[in-house]
Amino acid sequence: MKDKINIINLDGNEEPFLALVKDTIKKGKQALVFVNTKRRAEKTAETIAKGIKLNNEELDKISDKVLNVLTRPTKQCKRLSSVVKKGVAFHHSGLVSKQREIVEEEFKRGNIKIICCTPTLAYGLNLPAFRVIIRDLKRYGYRGYAWIPVLEAQQMFGRAGRPKYDKEGEAICVASSDNEKEQILKKYIRGVPEDIYSKLAVEPVFRTYLLSLISANIVRTRDGLINFFSKTFWAYQFKDMSRIKNMIDDMLSKLSRWGFIYYNGEDDFFKSADILNDKDNNEITPTRIGRRIAELYLDPLTAHNILEGLKSNSEKTPFSIVNLCTNTLELRPYLRVSVREFDEMEDKLVEFEDEILYKIPKAYDDDYEEFLGSFKTSLMFYDWMNEMDEEALLEKYNVKPGELRAKLQILDWLIYSCHELAVLSGDKEDLSTINKTRLMLKYGVKEELLDLLRLKGIGRVKARKLFNNKIKTIKDLKKCDEETLGLIVGKKLAGKIKEQVTFKKPTLQRELKNEKDE
DNA sequence: GGACGGTGAAACTTCAGGTTGCCTC
DNA sequence: GAAGTTTCACCGTCC
């Protein structure tokens, strides 16, 4: 297909993107509007919803569905629900996954006409529209406010034109001045995409792959590893094989020092690899822990730090486990600690100091700010475990429901990994605290509610209700008559609960079941 | 005189996303 | 860079 480039000059008072959106709907087509922040995605969706006349029963139903995805709708749920009524939606990582699914599905079905989104929708998903409007080609990043990469813009352009429905598609960049128009033409239309670089050179990626190659029995000697990496795109691009060899040696040495690999013929598992470098073809074997780390897809450094933390003499508490697992690369980026919060964080730090299982950096250290960020993130998890109201928690930490869920999911995986590491390192003492912590996080409850949560149909809210009515255990539930129970949790659920406690023994299996978003 | 509320300017803050990861009846 | 949020000075009103 041949690309056609047109420049449209819009005049009038209306915002250009609004005029474009209205035109799309008039044509009976759909559009994606790309913007540079989550907030802007929501605001733009609201502006569009106000500016168009679209409403039908089907949309009312979808709006309702979107509103009631969580037990209690958050501000964001209400906002999304109200724009969906008009056939408009916003889409970004802050949405709960169920809501994202609904928005995508209903766009495919043609019910939702316009989606205002961040780049989430440019990747992976097959969500083509007749028209793609790129409202923002600049975004705040590590280099300040700057143009987005050409590759990314092209990825967005590529969403336009639906193979089955349209012969062609339109990708429209919005410029705010003549000068900007020229820049956009030069960079994105006539320009060349950026080079692609191998990610293998990034240390966490490199060490993870190195361990998994050994662990999966793909390569078992130093020579073999060098040979393997010499054939990668990284080596092709990087060219300097001697530096790559050094990196491999350094990493092997670390992995063996951490006890994740050993060299055959050596009885000391922890002997440093650099002593053994001359034995190029000496077989490298993963230790049991090393193999498990690779299976868990954990970064070996994370695993090492968790193991060191577990070795600490301090007593393990739910907070200390959460904090240990939060202070990892996997949970980055951490929440930001603003200047205003600095003092508050330091006060909290004094309060929780004894529960931190690793060395706290000094205030003048380079990594102190990063540490405070991870500390703040663990405080958010701690509030969640202490049953803080979800809306209040989102507000306090300035996060969106989807982001909280995503972070909780990663933490769950890390705490499971922590459990596995504790088992393999023979640390039986801490297992029950680790398991307990994982459950408290899964349901967002204090320890005292865990017994009640073994039953189906009871979540954090109902369990708290029962507990506050002095029904604290399964035993209490057995004693309580169905009528009284019905007054607390509703008639229907009371019956179900009674059935569970009378006939079946509640299983703990439910506890670790995947219950998405709730 | 002092407490209080409203107003607007100035200062400050924030800003995308993420493969696939483990367990499971 | 832009939009939203917080802070603060200033002013008028009321008791």
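Quick note on labels: first sequence line is chain A, next is B, and so on, each numbered from 1.
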Answer with yes or no after comparing the ring centroid distance for A/Tyr334 and A/Phe375 against a 6.0 Å cut-off, counting only values under it.
-> no
Is the gap between the ring centers of A/Tyr145 and A/Tyr140 under 6.0 Å?
-> no
In whole Å, what is the span from the CD atom of A/Gln155 to the P atom of B/dG17?
-> 15 Å
Looking across every strand, which nucleic acid part, if any, lies under 4.0 Å from A/Ile148 by heavy atom: base, sugar-phosphate, or nothing?
-> nothing
Please determine if a side-chain N or O atom of A/Thr118 lies less than 4.0 Å away from the OP1 or OP2 oxygen of B/dG17.
-> yes
Rounded distance (Å) that lies between atom C1' of B/dG17 and atom CD1 of A/Ile410 = 11 Å
Could you pick out which residue, A/Lys43 or A/Thr37, lies toward the 5' side of DNA chain C when each is mapped onto its nearest nucleotide?
-> A/Thr37
Mind calculating the distance between CH2 (A/Trp413) and P (B/dC23) to the nearest angstrom?
-> 13 Å
Five-pair end axes of the helix from B/dG1-C/dC15 to B/dC15-C/dG1, angle between them (10°) = 10°
What's the OH-P distance between A/Tyr140 and B/dT14, to the nearest Å?
-> 11 Å
Please report, rounded to the nearest Å, how far the P atom of B/dG18 is from the CG atom of A/Leu121.
-> 10 Å
If you measure from CG on A/Leu255 to CZ on A/Arg207, what distance do you get to the nearest 0.5 Å?
-> 9.0 Å
Measure the distance from CG on A/Asn435 to P on B/dC23 and round it to the nearest whole Å.
-> 15 Å
Determine, answering yes or no, if A/Tyr145 is stacked on C/dG1 under the 5.5 Å centre rule and the 30° plane rule.
-> yes
Base, sugar-phosphate, or nothing: which does A/His419 touch, judged by heavy atoms less than 4.0 Å apart?
-> nothing
From the options B/dT14, B/dG18, B/dG17, select the nucleotide whose nearest atom is closest to the side chain of A/Asn398.
-> B/dT14
At under 4.0 Å between heavy atoms, what does A/Pro149 touch on the DNA or RNA strands: base, sugar-phosphate, or nothing?
-> nothing
Does the ring centre of A/Trp234 sit less than 6.0 Å away from the ring centre of A/Tyr197?
-> no
Show your reasoning for whether side-chain hydrogen bond (donor to acceptor under 3.5 Å, both in side chains) applies to A/Arg135 and A/Thr44.
-> CA-CA 10 Å; A/Arg135 198 184 161 183; A/Thr44 310; 3.0 Å; yes
A/Glu46 CD to C/dA3 P, straight-line distance once rounded to whole Å = 16 Å
Could you give me the CA-CA distance, side-chain angles and deciding distance for A/Asn323 and A/Tyr358, then say whether side-chain hydrogen bond (donor to acceptor under 3.5 Å, both in side chains) is met?
-> CA-CA 10 Å; A/Asn323 181 261; A/Tyr358 48 89; 2.9 Å; yes
Any A/Arg336 side-chain nitrogen or oxygen under 4.0 Å from OP1 or OP2 of B/dT14 = yes
Between B/dT13, B/dA16, B/dC22, which nucleotide gets closest to the side-chain atoms of A/Tyr297?
-> B/dC22
After noting the C-alpha distance and the side-chain angles of A/Thr302 and A/Glu330, does the key distance pass the side-chain hydrogen bond (donor to acceptor under 3.5 Å, both in side chains) rule?
-> CA-CA 8 Å; A/Thr302 295; A/Glu330 283 83 347; 2.6 Å; yes
Report yes if a side-chain nitrogen or oxygen of A/Thr120 is closer than 4.0 Å to either non-bridging phosphate oxygen (OP1 or OP2) of B/dA16; otherwise report no.
-> no
Base, sugar-phosphate, or nothing: which does A/Glu295 touch, judged by heavy atoms less than 4.0 Å apart?
-> sugar-phosphate
With the side chain defined as heavy atoms from C-beta on, A/Glu330 is closest, among B/dG18, B/dT13, B/dG21, to B/dG21
CE of A/Met385 to CG of A/Leu449: how many Å apart, nearest 0.5 Å?
-> 13.0 Å
By nearest nucleotide on DNA chain B, pick out whichever of A/Tyr416 and A/Tyr142 is the more 5' one.
-> A/Tyr142
Distance below 4.0 Å between A/Lys138 side-chain N/O and B/dC15 OP1 or OP2 | no
Given atom CG of A/Leu32 and atom P of B/dA16, what is their separation to the nearest angstrom?
-> 18 Å
Answer yes or no: is there a donor N or O on one side and an acceptor on the other, between the side chain of A/Trp384 and the main chain of A/Leu441, under 3.5 Å?
-> yes
Side-chain contact check for A/Ser338: nearest option of B/dG17, B/dC23, B/dT14 is B/dT14
C1' atom, C/dG1 versus B/dG18: distance in rounded Å?
-> 26 Å
